[in-house]
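Shown next, in C-alpha cells, is the structure this report addresses.
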Amino acid sequence: MDRKVRVRFAPSPTGPLHIGGVRTALYNYLFAKKHGGDFLLRIEDTDQTRFVPGAEEYIIESLKWLGIEPVEGVGYGDGPHAPYRQSERKLIYKQYAMQLVDAGHAYYAFDTAEELEGMRERLKASNVDAKYDAITRGTMKNSLTLPEDEVKRRLENGDQYVIRIKLPRKEEVKFFDEIRGWVSFNTSQMDDKVLFKSDGMPTYHLANVVDDYLMEITHVIRGEEWLPSAPLHVLLYRYLGWEDNRPSFSHLPLLLKPEGNGKLSKRDGDRLGFPVFPLQWKDPFSGEISSGYRESGYLPEAVINLLAFLGWNPGTQQELFTKEELAEAFSLDRVSKSGAKFDLNKAKWFNQQYVRMLDDQTLANILENQVKEKTSGVDFSKEFIFKAAQLVKEKVSFTKELWEYSFFIFQIPESLDEQVVSKKWKPELKPVLAEIKSAFDAMNKFTAEDAERVYLEVLEKNGIQSKQFLQMFRVCLTGQAGGPPLFELAALVGKESCSARLNHALTILP
RNA sequence: GGCCCGUUCGUCUAUCGGUUAGGACACCAGAUUUUCAUUCUGGGAAGAGGGGUUCGACUCCCCUACGGGCUACCA
C-alpha cells in the first residue's frame, strides 16, 4: 500500500514560534518535497486557556518568510480536510472518544481536581509513583468503579467529566522510530491519560491521532519531547482500529542552548545575542519584545541552511545548500539522535556566505535605504552607492552591517582613530600630508591608479616608505584603522572630498 | 524519584567491525594584501569510564557516569 506522503506541522498558537519549531517545520517540509508529498499546517489550539492573540498569524508569517510553505492548512487556503484549526473541529473528536468508551478502551472519570490532588499526595507519601493507572483507577470516581446507574445519573445530570484511556495493566508497547530505531515502553509505567476534557475539547493526544488519521498523514515528524507519549498514540491507533494506516514516527533531537545544558529557551537568545525566534515578537500582554532572525539581518536562505544542519547532514562535504538541494538530499536516516547546541559563530558564517551570494544591486539597494536613513538631506547617486556597496561587500556578515562598514564613504570623519594616530603620527609628517593634498588638488583625472601614483611620488620625494605611512593616511581620509582598498575608496569619494578630508585631518592633527 | 532517549575535536558532524578517526565553524601560526578584511597554506584539538563479544572495536552487548526529555483536564 503506497500512500502519498503527507506530513504536517502542528504548532500550538501559544506564543511566537520557537526556532526549534521552525526546524521541525523545515524537516517536515523537506521530507514532503523529497517525496513529492504534501506539507500541511494544522493549528493545535485545544487549550483555550493558553490562546495568545497574534500567535497564529506569527506562525504563518514565519513560514512565509522562510519559504517553507504548506500546500494546505490554516492560512493556506485550507483544503480537502478543512477546517485545520482544532478548535473548529471540536465536534469531530467526541465521537471517537465515545467509540473508545463503547469498545471498553476508555472510561468516564468524575474526579475533581481536589480528589486527584489528594490521590497524588497519598501515593507520594507512601513513596509510590503517583499516577492514574490500572491500579489507582479502582479507587477513584469513574465509570469503572461507580454503579452503572450512578454513572448514567451523573452524565444526565450534566456533571463534569473527562474521558480517560484505559491502559492495560502491563503490556509492552513497541514501535519503530525512523530516527531512533525500535523503542519500547511498558504500560505499567504509563497512566490513563485524559483524552477528552471536561470543557468539551480533546487533549492533544486524542486530537492529534484523530486528525492525523483523518488528514491521511503518513509520517509524523516532531520533537523529541513527544517521544514519551508516542506509545499512547500507538495504542490509540490500535484501539481506534487504524493500525494499518498509522503514520510512522520520527522524533527529532532537541535544540540545546550554546552554553551549558538544557533546551534552548527564549532567555538564552536575549542573553547570548542571537534570536530564538524567526521574527521579532512583541508579547501582547507584557509588551516585551523578543528579537527575530529577520530583524537581526539574517537572510531566510541562511536560516534554512543553518537550521537544516542542526541535527542533520548530507554525509558529504557540501555545506551550502539551496532549499531545493536540501529537499533533494534530505532523509530521515541522516538525522542525528543527540541534541544540537546552537552555535552563533557558525550561524554568522552561514549568513555571511549568503550575503556574498547576493547580487551587487540588491546590496546596493539595501545600503541605499540605510544611507537615506542615516544621512537625511544628503543626496548620493545610485551609482555612488552601488560602488560603495561593492567596496565593502566582502566585509559584512549581515546586510545591516553595510552602513557601519561604509559610513565613512558618505560622511567626512569627525575624529581620527586614536590608536593609529598615537602610534603612527608625528608632527613632522604634517608638511608631507599637506603636500599630498596639494598634489591631489592639482590633479585633473582622479582615478585610483592616479591617486596612488601621486601619493607614492610625494612619499618618495620625502624619503618615506609607504608601509610606514599608509595606515595613517587611511585614518586621515576615513578616520578608520581599516577598510576597503584605500585608493579605490579615494577615487570613489572624489578629489574634492579627499581634499576636504585631508584638510580636516590637517586641522585636528597636532 | 520513575520511565524513555542520548554521549566522536570548544561547536555542528563523517565513520554504518579493520581509517594516520575525515570535514566545517571557531582558535593559533605563516604567506599574500604597501593597512583591516578577504584569500591561501599549515597547526593544535575528539571516540565519557569500565567490562564483555571478536583475530580486530568509535562502531555490537552489559554496567556505571554524565546530559536531556517526559512525568497536567499544556501542547
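Order of the sequence lines fixes the chain letters, A, B, ..., with proteins taken first and strands second; residue numbering starts at 1 for each chain.
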Mark yes or no for whether A:Arg23, through its side chain, and A:Leu310, through its backbone, hold a donor-acceptor pair below 3.5 Å.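 Present.
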Classify the nucleic acid contact of A:Thr46 as base, sugar-phosphate or nothing, counting any heavy atom under 4.0 Å across all strands shown.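 A:Thr46: backbone/sugar contact only, no base atoms under 4.0 Å.
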Tell me the salt bridge (Lys or Arg N to Asp or Glu O under 4.0 Å) pairs involving residues 113-128 of chain A, sequence neighbours left out?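 Passing the test, one end in residues 113-128 of chain A: A:Glu115-A:Lys141.
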Does a donor on one side chain sit under 3.5 Å from an acceptor on the other, for A:Asp211 and A:Tyr93?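 Yes, side-chain donor-acceptor contact under 3.5 Å.
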Check: residues 164-172 of chain A side-chain donor-acceptor pairs under 3.5 Å, at least two apart:
from	atom 1	to	atom 2	distance (Å)
A:Arg164	NH1	A:Asp192	O	2.7
A:Glu171	OE2	A:Arg238	NH1	3.3
A:Glu172	OE2	A:Ser184	OG	3.4

Could you list the donor-acceptor pairs under 3.5 angstrom formed between side-chain atoms of residues 247-254 of chain A and any protein atom two or more places apart in sequence or on another chain?
from	atom 1	to	atom 2	distance (Å)
A:Ser248	OG	A:His219	ND1	3.0
A:His251	ND1	A:Asp177	OD2	2.7
A:His251	NE2	A:Arg222	NH1	3.1

Could you measure between the two C1' atoms, the one in B:C4 and the one in B:C9, and give it in whole Å?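 The same atom, C1', in both gives a distance of 29 Å.
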If I pick the C1' atom on B:U34 and the same atom on B:G42, what distance separates them, to the nearest angstrom?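 One C1' to the other, the span is 25 Å.
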A:Leu255 CG - B:U11 P separation (whole Å):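 Taking CG of A:Leu255 and P of B:U11, I get 15 Å after rounding.
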Expected rows: protein N/O vs nucleotides 13-15 of chain B N/O, under 3.5 Å:
from	atom 1	to	atom 2	distance (Å)
B:U13	OP1	A:Gly311	N	3.0
B:U13	OP1	A:Ser336	OG	3.1
B:U13	O3'	A:Asn313	ND2	2.8
B:A14	OP1	A:Asn313	ND2	3.1
B:A14	O3'	A:Arg334	NH2	3.2
B:U15	OP1	A:Arg334	NH2	3.4

Which side-chain N or O atoms in residues 344-354 of chain A pair as donor and acceptor under 3.5 Å with protein atoms at least two apart or in another chain?
from	atom 1	to	atom 2	distance (Å)
A:Tyr354	OH	A:Asn305	OD1	2.4
A:Tyr354	OH	A:Phe321	O	2.8

Measure distances between side-chain N and O atoms of [X] and base N and O atoms of [N], and say whether any donor-acceptor pair falls under 3.5 Å.
X: A:Lys346; N: B:A24; result: yes
X: A:Lys348; N: B:C25; result: no
X: A:Asp129; N: B:G1; result: yes

Residue whose closest nucleotide on RNA chain B lies nearer the 5' end, A:His205 versus A:Val183: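 Its nucleotide being nearer the 5' end, the pick is A:Val183.
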5' precedence on RNA chain B between A:Gly482 and A:Lys337 (nearest-nucleotide basis):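 Here A:Lys337 is the residue nearer the 5' end.
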Centroid separation A:Trp281 to A:Tyr58 less than 6.0 Å: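 For A:Trp281 and A:Tyr58, the ring centres are under 6.0 Å apart.
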Give every pair of a protein N or O atom and an N or O atom of nucleotides 38-41 of chain B that lie under 3.5 Å apart, one pair per line with the distance.
from	atom 1	to	atom 2	distance (Å)
B:U38	O2'	A:Glu394	OE1	3.1
B:U39	OP1	A:Arg356	NH1	3.3

Ion pair A:Glu224/A:Arg180, N-O distance below 4.0 Å: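 Answer for the salt bridge query: yes.
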